[in-house]
Amino acid sequence: MAYTATWADKKLNANEVNKLKEDGLDVFKDLPELVKHPFSEVDKSYFMYFKYAGLTVQKPQTEGYFMLRVKIPGGRVSARQAEHLAWLGKEYGRGIVDLTTRQDTQYHWIPFAKLPEIFEGIENVGLTTAGAEGDITRNVIDNPLSGIDPDELFDTRQTVLDVYHRFQGNRDYSNLPRKFKISISSNIYNSGNAQVNDIAFTPAVKTVKGVKTQGFNVLVGGGLGMKPMLAELTNIFVTPDEVADLCEVICQLYRDYGYRRSRSKARLKFLIKDWGIEEFEARIREQLPKLRTRGRSKVVGWSNGTALGVHEQLQKGYYYVGVSVPSGRIAADDFSTLVDVAKRYGRGELRFDHSQNLLIPWIPAESIEEVKAQPIFEQYSIAPHLLADFGTTCTGAEFCNLANAHTKELFKPLIDELDARFSFDQPVNVTLTGCGNGCAHRSVADIGIEGVHARTQGNQPSEGYKVSVGGTLLKQGQFNESLKGTLSAQQLAGGVGAILAGYRDESARKESFYDFYRRVGLDYFQGLLDDYLTQQPQAEVLK
């Protein structure tokens with residue numbers, strides 16, 4: 001450790017006290033000895049260290065199974081890596097691979113006793129789980145189409161790797177107050193979901209010494225969770241070669257001054273809110289005094305980080321195929337089939353987007369019709385037009401210790417029922433998340449559904465769901481607004497269906513859900529939900 005823990009004598013939460021005793025990355029050193037003993041002998045105070053290895057103790061926490069997340073910078077994997085990711089699902093994950101909103105893969109049912117050999121296998125294909133969770137820099141996300149994208153200013157793949165290597169395994173930054181998320185994209189449709197990251201780099205141009213220069217404007221302090229905040233735009237412009245240095249300075253400020261007394265207020269966004277953006281930027285410029293002022297933004301819209309469908313690449317004569325994976329959950333055997341498609345028709349490369357889908361690039365034009373005819377695409381669509389193609393879900397109460405309600409098990413039948421009833425000429429994004437932490441990006445969805453604790457009219461505990469409408473990351477961004485009333489799992493299709501029916505019946509042609517929301521207002525949607533709930537038997541209404 002090359003820094004001084006200046007916070008060591010302050011009042012700290014229990015996690016912070018433990019982190020002063022042992023670095024989180026020491027979990028990899030500890031594991032070979034730990035697994036020689038039964039999982040029941042592991043003290044619960046150690047569970048936080050597992051997170052640094054990309055592990056969360058799966059519920060029930062007494063059984064010795066884990067959720068494991070693999071860190072994939074920029075969301076790009078080779079055929080060899082993808083084959084291993086599929087094998088992990090088959091061998092340990094009960095046949096399932098989950099895709100995340102940060103271009104990772106994750107698994108459940110990972111056995112405690114097998115962890116050292118599982119990590120060895122992952123490392124042998126050039127991947128890692130280190131820092132996929134924990135109070136550390138998380139996976140650095142990129143434009144899913146970087147390097148092949150007609151709508152990007154320049155290729156950001158190397159910049160992402162520069163930042164990844166600056167922090168990966170670096171013990172100067174392995175003890176942060178909470179997680180730290182970085183987004184890099186030069187796509188003009190904000191494919192990196194900039195406003196909900198701790199640091200985000202978005203495409204911009206600036207005249208530097210008489211030369212028009214492409215680079216990034218910089219946003220800081222975004223994040224979701226119980227108290228979501230949109231990132232604030234700094235007065236900073238950087239070129240790609242300056243990105244890693246700026247990330248390091250911001251991370252230093254967060255490490256040394258971020259709040260460690262309460263974990264609920266430990267994210268960078270709270271520090272920036274208290275300091276103010278001008279003070280925070282001044283602290284940055286103390287260490288990087290030659291930083292240029294903000295350039296002219298080239299962002300013109302928002303794609304929600306999706307890359308679905310069959311589209312021509314930047315490179316003439318090649319296409320990419322964006323594959324819809326409803327709820328982000330794919331059978332490991334099906335994943336293997338898609339790897340085979342990438343090997344046979346492309347260059348063996350797979351990529352992950354920010355909406356829990358995957359894509360196969362480098363399909364020659366002469367092969368595209370043969371690829372489209374592959375049987376796997378009868379199950380996983382490459383012609384997105386359904387609600388199922390644009391929705392996301394978190395892990396939910398099936399495995400997550402924090403979730404209030406189930407998600408993935410409900411999402412497919414829910415969305416299938418709604419897709420049977422509705423068809424829209426504009427994508428509608430419906431998310432389902434199990435609690436207020438926002439892992440499925442509920443706060444920025446057109447229709448966001450959040451699991452809550454509720455009670456029946458007979459005062460019995462029940463899983464309930466709250467609905468919010470009107471989220472976006474267009475322009476500065478806007479979080480959606482919550483509607484009054486709580487739905488049961490059985491009422492979700494009816495309640496959400498009432499909202500979608502209002503949009504279908506009253507929207508103008510090609511009017512997006514967000515534009516419709518802006519035009520009609522929250523009260524319109526509240527009326528739709530109220531009307532639905534008043535039609536329900538009183539005994540079935542949750543409170």
Check: [X]/[Y] side-chain N/O donor and acceptor closer than 3.5 Å:
X: Arg285; Y: Asn235; answer: no
X: Thr306; Y: Asn304; answer: no
X: Gln106; Y: Thr395; answer: yes
X: Ser191; Y: Asn143; answer: yes
X: Thr156; Y: Asp142; answer: yes

Parallel under 30°, tilted from 30 to 60°, perpendicular over 60°: which one fits the rings of [X] and [Y]?
X: Phe180; Y: Tyr254; value: parallel
X: Phe525; Y: Tyr517; value: tilted
X: Tyr524; Y: Phe516; value: perpendicular

Worksheet entry | Flag side-chain contact, heavy atom, 4.5 Å: Phe424 against Leu500 |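 Yes; the side chains approach each other to less than 4.5 Å.
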
Worksheet entry | Heavy-atom check, side chain of Asp26 versus side chain of Tyr52, under 4.5 Å |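 No, their side chains stay 4.5 Å or more apart.
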
Closest non-hydrogen atom pair, [X] against [Y]:
X: Asn401; Y: Val57; result: ND2-O, 2.8 Å
X: Asn139; Y: Ile72; result: ND2-O, 2.8 Å
X: Trp302; Y: Leu474; result: N-CD2, 3.6 Å
X: Thr101; Y: Cys439; result: OG1-O, 3.6 Å
X: Gly471; Y: Asp446; result: O-OD1, 4.0 Å

Fill in: Candidate list Phe399, Trp109, Tyr92, Phe50, test ring pair (Phe, Tyr, Trp, His ring centres under 6.0 Å), partner Phe66, passing option
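With Phe66 as partner, Phe399, Trp109, Tyr92, Phe50 yield a single ring pair (Phe, Tyr, Trp, His ring centres under 6.0 Å), made by Phe50.
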
Discussion item. Salt bridge or not between Asp245 and Arg166? Use side-chain N to carboxylate O under 4.0 Å.
Written reply: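 Here Asp245 pairs with Arg166 in a salt bridge, since their nearest N and O are under 4.0 Å apart.
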
Worksheet item: Do the charged groups of Arg94 and Glu398 touch, with an N to O distance under 4.0 Å?
Response: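 Result for this pair is no, no salt bridge flagged.
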
Item to complete: Going by the salt bridge (Lys or Arg N to Asp or Glu O under 4.0 Å) test, name the single residue among Lys21, Arg260, Arg261 that passes it with Glu16.
Response: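 Result for salt bridge (Lys or Arg N to Asp or Glu O under 4.0 Å) with Glu16: Arg260.
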
Worksheet entry | Partner of Phe352 under side chain to side chain contact (heavy atoms under 4.5 Å, CB included), chosen from Asp104, Thr105, Asn357 |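 Between Phe352 and the candidates, side chain to side chain contact (heavy atoms under 4.5 Å, CB included) is satisfied uniquely by Thr105.
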
Discussion item. A quick test of your reading: do over 12 heavy atoms of other residues, nucleotides or ligands sit less than 6.0 Å from OH of Tyr257?
Written reply: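 Atom OH in Tyr257 is not crowded, with 12 or fewer foreign heavy atoms closer than 6.0 Å.
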
Fill in: Atom NZ of Lys543: over 12 foreign heavy atoms under 6.0 Å
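Yes, because the 6.0 Å sphere around NZ of Lys543 holds more than 12 heavy atoms from other groups.
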
Worksheet item: Is the ring centre of Phe270 less than 6.0 Å from the ring centre of Tyr259?
Response: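 No - the distance between ring centres of Phe270 and Tyr259 does not fall below the 6.0 Å cut-off.
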
Item to complete: For side chain to side chain contact (heavy atoms under 4.5 Å, CB included), just list the numbers for Ile118 and Leu88, CA-CA rounded to whole Å, side-chain angles, deciding distance to a tenth of an Å, and then say yes or no.
Response: CA-CA 8 Å; Ile118 290 171; Leu88 280 172; 4.0 Å; yes

